[in-house]
Structures are given as structure tokens and as C-alpha cells.
Amino acid sequence: MELFIRIQNGQPFEHPILGDNFRQAFPHIDVNNLPSDFAKFVRVTPPVLGPYEKNQTVSYQLVNGVYTDVFACDQLTAEEIALKQQAVKDEWTANNGFASWTFNETTCVFEAPTPMPNNGKFYRWDEPTTSWIEVTNV
């Protein structure tokens with residue numbers, strides 16, 4: 001996707017403009033020889049927030065000579081982390097989560113004692129045998 005951004009006072013101004021829209025709005029500008037008040041822009045896919053991150057924001061910045069998206073987020077406080085972990089544990093208990101699974105504090109999820117097979121088939125957890133059972137009638 002071809003994008004451009006306007007530059008004012010050395011800073012990105014407003015939002016990136018699609019190449020076709022740019023050409024229609026500024027037919028007199030050669031996109032291969034942009035004036036100093038415009039620059040090419042590279043869109044970046046936003047990162048997935050971690051379990052203890054919030055309030056993701058994006059700004060447009062010059063990085064290694066290219067204007068691009070730069071993402072930032074806030075980290076949860078120790079109190080917020082404790083509350084989130086407790087909420088996940090309470091929900092697990094309320095929904096009769098499996099007794100053999102353990103809570104992973106790093107990912108804030110419960111995990112089976114053994115990973116589910118990753119072979120394209122469907123499985124369900126069988127708590128009495130603490131193992132994954134293939135589901136054949138999906």
C-alpha cells in the first residue's frame with residue numbers, strides 16, 4: 001500500500017494519505033521527487049498487546065529515514081496485575097476449570113499439564129486421564 005504524509009515544521013502532520021488520493025489532491029507533485037513538506041509513509045502492523053499492557057497508542061515518527069507508525073502502551077501496575085490474575089482465576093473456578101491445569105503468571109492463562117497435539121486434528125481435554133483425546137466426529 002502506497003502512502004504519503006504531510007510534514008509541517010519538521011513533524012508529520014495529520015494522517016497518512018493513500019497514494020491514489022494523494023495524486024488526485026496534488027496532481028502537480030511528482031511522487032518520485034517529493035517536496036520537503038511531504039514524505040513517503042510506511043504502515044506498520046500494530047503489535048499484539050501482552051497480558052499486562054493497556055492503552056496502546058500510535059504516533060507517526062521518522063525512523064531510520066522513513067516516516068512510519070510507532071506504537072507505545074502502558075504497563076499495568078502491580079495492583080492491576082494482581083486484580084487481573086485474580087479475575088482470571090475466579091472465572092476459571094466459576095466455570096469448573098480443570099484441577100490438573102496450572103496458572104501461568106507470565107501469560108495470565110491456565111495451561112494443561114501437557115500441550116495439546118499440534119497435528120491438524122481436533123482434541124478435547126480429559127481430566128480423569130489428564131490427557132488430550134482426539135475428537136473424531138467434528
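A quick note: this is a predicted structure, and the numbers were derived from the prediction, not measured.
- Counting heavy atoms from C-beta on, the side chains of Pro47 and Gln56 come closer than 4.5 Å.
- From Tyr67, atom OH reaches atom CD of Gln11 across 6.5 Å, with rounding to the nearest 0.5 Å.
- In this structure, the ring of Phe4 has its center no less than 6.0 angstrom from the ring center of Phe26.
- A salt bridge does not link Arg6 with Asp37: every distance from a Lys NZ or Arg NE/NH1/NH2 to an Asp or Glu carboxylate oxygen is 4.0 Å or more.
- Contact of the Lys40 side chain with the Val66 side chain is not registered, since no non-hydrogen atoms from C-beta on lie closer than 4.5 Å.
- Note: the hydrophobic cluster containing Tyr123 also contains Phe110 (ILVMFWY, side chain heavy atoms under 4.5 Å, direct or indirect links).
- Looking at heavy atoms from C-beta onward, Trp92 lies out of side-chain contact with Phe103 at the 4.5 angstrom threshold.
- Residues Thr45 and Phe71 fail the side-chain proximity criterion, which asks for heavy atoms closer than 4.5 Å.
- At least one side-chain heavy atom of Ser100 sits less than 4.5 Å from a side-chain heavy atom of Trp125.
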- [ ] Go through Gln85 and Tyr52 one step at a time and tell me if the side chain to side chain donor-acceptor pair (under 3.5 Å) criterion holds.
- [x] CA-CA 10 Å; Gln85 289 176 344; Tyr52 304 120; 2.9 Å; yes
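- You'll find the side chain of Phe13 stays beyond 4.5 Å of the side chain of Tyr60, heavy atoms only.
- A distance-only check finds no donor-acceptor pair linking the side chain of Asp74 to the backbone of Asn55 [under 3.5 Å].
- Not one N or O on the side chain of Glu2 forms a donor-acceptor pair closer than 3.5 Å with the backbone of Asp20.
- In this structure, the separation between CZ on Phe122 and CE on Met116 is 9.5 Å, given to the nearest 0.5 Å.
- In this structure, Gln8 contributes its side chain and Glu14 its backbone to no donor-acceptor pair below 3.5 Å.
- Grouping the Ile, Leu, Val, Met, Phe, Trp and Tyr side chains by contacts below 4.5 angstrom, directly or via other members, places Ile81 apart from Val88.
- Counting heavy atoms from C-beta outward, Leu18 and Leu3 have side chains that approach closer than 4.5 Å.
- Residues Ile29 and Pro35 have side chains in contact (heavy-atom distance under 4.5 Å, counting atoms from C-beta outward).
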